[in-house]
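For reference, positions follow the sequence shown, starting with 1. Values below: all heavy atoms of this structure, side chains included; hydrogens, waters and symmetry mates excluded. This is a predicted model, so every value here is computed, not measured.
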Amino acid sequence: MQAAIRPPATPPAPVTAAPFFPPQLLARLDKNGPRYTSYPTADRYHGNFGEQDYRLALRQRHATCPTEPLSLYVHIPFCDSVCYYCACNKVVTRHHDRAARYLDALASEIALHVNELGAGVPVTQLHFGGGTPTFLSDNELSRLMRDLRAAFQLAPDAEISIEVDPRTATPQRLAHLRELGFNRLSFGVQDFDARVQKAVHRVQSFEDVRALMQSARALGYDSVNMDLIYGLPLQTAESFARTIKQVVALRPDRIALYAYAHLPERFKPQRRINEAELPDRATRVGLLGSAIDGFLQQGYTYIGMDHFALNTDALAIAKQRGELHRNFQGYSTQPDRDLVALGVSAIGRIGNTYSQNAKVLDAYYGAIESGSFAVERGLMLSPDDLARRDVIMDIMCQGRVDFATVEARHGLRFGDYFSRELLQMAHLAELGLVNLRAGNVQVTGLGWYFVRAVAMVFDGYLGSVSSTASYSRII
């Protein structure tokens, strides 16, 4: 089940200047598209893949590569209050005692994996997401880390990260996380403007976040990320420029700048957002452009999609070396690894399969407490899926596809197999997004800002549906 070894990648072309987006280009690419944290994307998973399929994938892994390192993801769904923009799987509650049963279920789910994989499988990356992982108390976080360390072998240099809500975290909490082994933090900031914060029901002061940043630095965290969102209600060019200035003053090692996707028909909390207060397309583009300009001027590298990093951060170094990868948490320095995902709604990857746990707590509890994995749907990748996944991930991570490499991996003739896609690449080349040569496709500096549109050309599923409305906008 080990991923095929790839030759050293060619580093992508650096992005050194803020973009100018020609109006005609924006009109052409004003559409929605996948973020490609996986391919095929999660909306392609189906209920015909279930618990027994997942168990078989684990057994095959144990039989073929039992000591190959893993990544781990743990989903903590609970939140004290709802953020109106949120599209995550969450349970909003003030009853912290609800975490006890969830921790019991996680312990049982961990034990199920040990039964199939064996104890002590190496882990090089562990991430706690949510929801709000810091909903758990210090004692509860300690218990969960003990359970994980007893089951898996966390490498001495493993990346151990957690998402932190600055509204409820304290310097003392950050110190406890550090004692547990966490070495990376991600603060959910979104925007510092008071009017915007009130409109999305997430109020937190710049001063509080600054105090947490100072504590994180003093405690020796390897990397601190900040999440921002553009396209929120009441954001203006002036207000967001102030937020960007405040963020860069704090010097987070990484910044994730997400586009808000307003899908109230899918995500109930978003119905509380006043659509009339959302910025129009021209304003959204302006917000993005000014943010990129602000980050680049302050020494950040544009990684791709919505990620930025200081030039000294491991993510920026990985991009410079052509060693970027992409998983369900976004861009990563970790090699292409199997991912065991724990908790309600969590999505994992084992070998050539993807799987997702039940999205509702009762269903998750019902499966785990009966001794079964909670896998509700998933996908076994076909040879076509595997070929297209490699091409799409090469585009998303390296900004380059070498035809001969793909041919060697998958036993195909690139020009014949992807003849339709190469015709579309020629149109993107006319727009200045790619350079199309005899043996490769290279994403240009401008093309990096539209890399999703480039990758979408090779998506074998988009042509089978009439709409991409369920995805976020490309820009």
Side-chain angles (χ1 to χ4, degrees), residues 1-4 32-65 70-73 75 77 87-89 105-106 108-110 112-113 115-117 263 265-267 326-328 336-393 410 417 455-456 458-471:
M1 307 296 283
Q2 183 177 0
N32 298 12
R35 294 174 50 78
Y36 293 119
T37 52
S38 73
Y39 179 84
T41 51
D43 55 315
R44 310 300 174 186
Y45 306 168
H46 54 74
N48 291 331
F49 184 103
E51 198 263 1
Q52 290 301 316
D53 300 289
Y54 182 66
R55 194 180 292 271
L56 178 60
L58 292 174
R59 290 176 179 175
Q60 289 177 337
R61 185 189 201 279
H62 181 60
T64 57
C65 51
L70 283 169
S71 291
L72 291 179
Y73 172 73
H75 189 77
C88 298
N89 184 282
L106 285 175
S108 297
E109 189 177 11
I110 291 168
L112 286 170
H113 282 89
N115 288 340
E116 299 296 348
L117 296 174
L263 301 168
E265 66 282 358
R266 291 184 59 196
F267 306 114
R326 193 160 174 80
N327 59 27
F328 291 107
D336 201 17
R337 300 213 186 282
D338 284 347
L339 171 67
V340 165
L342 306 168
V344 64
S345 78
I347 301 176
R349 168 193 160 185
I350 300 294
N352 293 336
T353 71
Y354 292 119
S355 57
Q356 183 172 26
N357 281 348
K359 296 182 180 181
V360 179
L361 267 180
D362 285 346
Y364 172 74
Y365 287 145
I368 297 297
E369 292 170 359
S370 68
S372 299
F373 289 103
V375 171
E376 191 172 71
R377 64 189 191 122
L379 187 70
M380 173 69 75
L381 275 67
S382 69
D384 180 71
D385 291 335
L386 293 170
R388 292 179 182 277
R389 181 175 72 179
D390 273 359
V391 172
I392 287 172
M393 292 305 165
H410 299 283
Y417 197 89
M456 285 169 65
F458 291 91
D459 191 320
Y461 292 87
L462 292 181
S464 64
V465 295
S466 59
S467 173
T468 57
S470 62
Y471 303 118

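For the atom pair CG of Asp336 and CE of Met393, the computed distance is 8.5 Å after rounding to the nearest 0.5 Å. Asn115 contributes atom CG, which lies 8.0 Å from atom CZ of Arg55 (distance to the nearest 0.5 angstrom). To the nearest 0.5 angstrom, Asp459 atom CG is 6.0 Å from Thr41 atom OG1. From Thr353, atom OG1 reaches atom CG of Leu58 across 7.5 Å, with rounding to the nearest 0.5 Å. Atom CG of residue Leu381 and atom CG of residue Leu386 lie 5.0 Å apart, to the nearest 0.5 angstrom. How far CG of Leu56 is from CD1 of Ile350: 12.0 Å, rounded to the nearest 0.5 Å.
Using a 4.0 Å cut-off between charged side-chain N and carboxylate O, Lys359 and Glu376 make no salt bridge. Ion pairing of Arg377 with Asp43 is absent here, as no side-chain N (NZ or NE/NH1/NH2) approaches a carboxylate O to less than 4.0 Å.
Each of Leu342, Val344, Leu112 was checked for a side chain to side chain contact (heavy atoms under 4.5 Å, CB included) with Ile368, and the lone residue meeting it is Leu112. Each of Pro40, Ser38, Ser355 was evaluated against Leu379; a single residue qualifies, Pro40, per the side chain to side chain contact (heavy atoms under 4.5 Å, CB included) test.
The two residues Ala367 and Ala374 make their nearest non-hydrogen contact at CB-CA, 3.7 Å. Of all the heavy atoms in Ala105 and Tyr364, the pair that sits closest is CB-CE2, 3.7 Å. Taking each heavy atom of Arg44 and Tyr461 in turn, the nearest pair found is NE-CB, 3.5 Å. Taking every heavy atom of both residues into account, Ala341 and Asn357 meet most closely at O-ND2, 3.9 Å.
Using a distance-only test at 3.5 Å, with no hydrogens or angles considered, no donor-acceptor pair links the side chain of Glu51 to the main chain of Ser372. Remark: the backbone N or O of Ser345 is paired with a side-chain donor or acceptor of Gln356 at under 3.5 angstrom. No side-chain donor-acceptor contact under 3.5 Å links Asp338 to the backbone of Leu70. Under the 3.5 Å distance criterion, the side-chain polar atoms of Arg59 are left unmatched by any main-chain donor or acceptor of Glu116. Asp53 places a side-chain N or O within 3.5 Å of a backbone atom of Gly50 that can act as its donor or acceptor partner.
Sorted by first and then second residue, the salt bridge (charged side-chain N to carboxylate O under 4.0 Å, His left out) pairs with a member in residues 363-372 read Arg101-Glu369; sequence neighbours excluded.
In this structure, the side chains of Leu263 and Glu265 come closer than 4.5 Å at one or more pairs of heavy atoms.
Partners of Asp384 under the side-chain contact (heavy atoms from CB on, under 4.5 Å) rule, at least two apart in sequence or in another chain, are Ser382, Arg388, Tyr417.
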Query raised in the report: Arg61 and Leu117: side-chain contact (heavy atoms from CB on, under 4.5 Å), yes or no, with the steps?
Result: CA-CA 8 Å; Arg61 185 189 201 279; Leu117 296 174; 4.1 Å; yes
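Aromatic ring centres of Tyr73 and Phe328: separated by at least 6.0 Å. Side-chain rings of His113 and Tyr54 approach one another, their centers coming within less than 6.0 Å.
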